[in-house]
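To start, the structure under review is shown below, and the notes come after it.
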Amino acid sequence: MVNFSLKGKIALVTGASYGIGFAIASALAEAGATIVFNDISSDLVQKGLDAYKEKGIQAHGYVCDVTDEAKVNELVSKVEEEGIGVIDILVNNAGIIKRIPMHEMTAAEFRQVIDVDLNAPFIVAKAVIPGMIKKGGGKIINICSMMSELGRETVSAYAAAKGGLKMLTRNIASEYGSYNIQCNGIGPGYIATPQTAPLRAEGHPFHSFIISKTPAARWGTPDDLKGPALFLASEASNFVNGHILYVDGGILAYIGKQP
Ligand code: NAP
Ligand code: GCO
């Protein structure tokens, strides 16, 4: 039987107090993993701990800005020193977006998006890989995007970061596959979370646009990502490496509904 169990595994999911990260962490916990998560503020971490507890999940939460390499290294060491163990599964989920026309975006704003969405996945992966090598293997899942493949107005920094994250995923797969580390990406389509709330506001034209571009004719939900994440976090995907699994209701396959 294919093994989807994560019993005995330790999973770090970044930025997982709510949204996609919370859904993915919940799925990994339901399969038996011990969940470690971080967020940028103690309020958010507490909010996440309470939400996990409500689902019967005893998660471990830490305040940590994923762009801060020293803090990330401290987090990874703390998880081991506190007896939780060495991280087996990393989900690089934390991310931001700034929707600004490129000619109006400052270099600082561009850099901030690159820092969180591309530099930070490098920093966190670099922090956990040595432990994975010692343990004889591991799983890294980078949360990419439709914008790893497509562009659109106002998301230049985000698309550049997520395109880079696709290639970082492939490079980690290439460089560490021989250590039994599989690194893959998940490319969510348009998912109903706080990040896309502005696009789903009453009367916003983007809502009907996305429905017309999605064969499934609906926005995705964080729960749609649970199964794909469990697959990539489990032994079921031990020969899948460097793959970006798009969970988009068919957007990338579809020219769009005739108006
Ligand atoms: P979200 O609702 O904005 O949640 C993102 C989480 O990351 C929040 O908890 C956020 O904390 C945290 N975070 C942001 N910057 C951080 C930092 N520097 N250090 C630590 N945590 C940080 O986003 P989401 O919709 O769940 O998306 C999660 C991931 O999926 C992101 O990488 C996003 O790019 C990607 N994605 C989303 C969609 C979609 O349609 N929603 C589609 C494709 C890909 P704060 O609350 O403090 O910001
Ligand atoms: C946007 C959206 C998208 C989604 C997602 C799509 O403004 O176009 O926020 O970028 O977040 O990345 O896969």
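For reference, positions follow the sequence shown, starting with 1. When a ligand or atom number is given, it counts from 1 through the structure's own listing order.
- Interface atoms of ligand 2 facing I97, defined by a heavy-atom separation under 4.0 Å, are 7 (O), 9 (O), 10 (O).
- Closest protein heavy atom to atom 10 (O) of ligand 2: Y158 CE2, 3.2 Å.
- Taking CG of D65 as the reference point, atom CD1 of I40 lies at 4.5 Å (rounded to 0.5 Å).
- Annotation: V155 places no N or O atom under 3.5 Å from an N or O atom of ligand 2; distance criterion only.
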Name every donor-acceptor pair, under 3.5 Å, that has one atom in a side chain of residues 15-28 and the other anywhere in the protein, sequence neighbours excluded.
residue : atom : partner : partner atom : Å
S17     : OG   : D39     : OD2          : 2.7
S17     : OG   : L44     : O            : 2.9
S26     : OG   : F22     : O            : 2.7

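- The aromatic rings of Y176 and Y179 lie tilted to each other, with the angle between the two planes from 30° to 60°.
- In this structure, OG1 on T67 lies 8.5 Å from CG on N119, to the nearest 0.5 angstrom.
- Residue L199 has no nitrogen or oxygen atom sitting less than 3.5 Å from a nitrogen or oxygen atom of ligand 2, judged on distance alone.
- Of the protein's heavy atoms, S145 OG, 3.6 Å lies nearest to atom 5 (C) of ligand 2.
- Nearest protein heavy-atom neighbour of atom 2 (C) of ligand 2: Y190 CE2, 3.3 Å.
- Looking only at atom types and distance, the side chain of E109 has a donor-acceptor partner in the side chain of T106 under 3.5 Å away.
- For atom 8 (O) of ligand 2, the nearest non-hydrogen atom of the protein is R152 NE, 2.6 Å.
- Atom CD1 of residue I172 and atom CE of residue M167 lie 11.0 Å apart, to the nearest 0.5 angstrom.
- The closest protein non-hydrogen atom to atom 9 (O) of ligand 2 is R99 NH2, 2.6 Å.
- The shortest N or O to N or O distance between M147 and ligand 2 is not below 3.5 Å.
- Here the straight-line distance linking atom CZ of F110 with atom OH of Y158 works out to 14.0 Å at 0.5 Å rounding.
- Residue contacts with ligand 2, taken as heavy atom pairs separated by less than 4.0 Å, do not involve T154 at all.
- Atom-to-atom distance recorded for T193:OG1 and L225:CG is 10.0 Å, nearest 0.5 angstrom.
- Using a 4.5 Å heavy-atom threshold, the side chains of N238 and K139 count as touching.
- Among all non-hydrogen protein atoms, the one lying nearest atom 11 (O) of ligand 2 is Q195 OE1, 2.8 Å.
- Between the NE2 atom of H60 and the CD atom of E82 there is a distance of 9.0 Å, given to the nearest 0.5 Å.
- Closer than 4.0 angstrom to ligand 1 by heavy atom are G15, Y18, G19, I20, N38, D39, I40, L44, C64, D65, V66, N93, A94, G95, I96, V116, I143, C144, Y158, K162, P188, G189, Y190, I191, T193, P194, Q195, T196, sorted by chain and number.
- Side-chain atoms of K126 and E69, non-hydrogen and from C-beta on, do get closer than 4.5 Å to each other.
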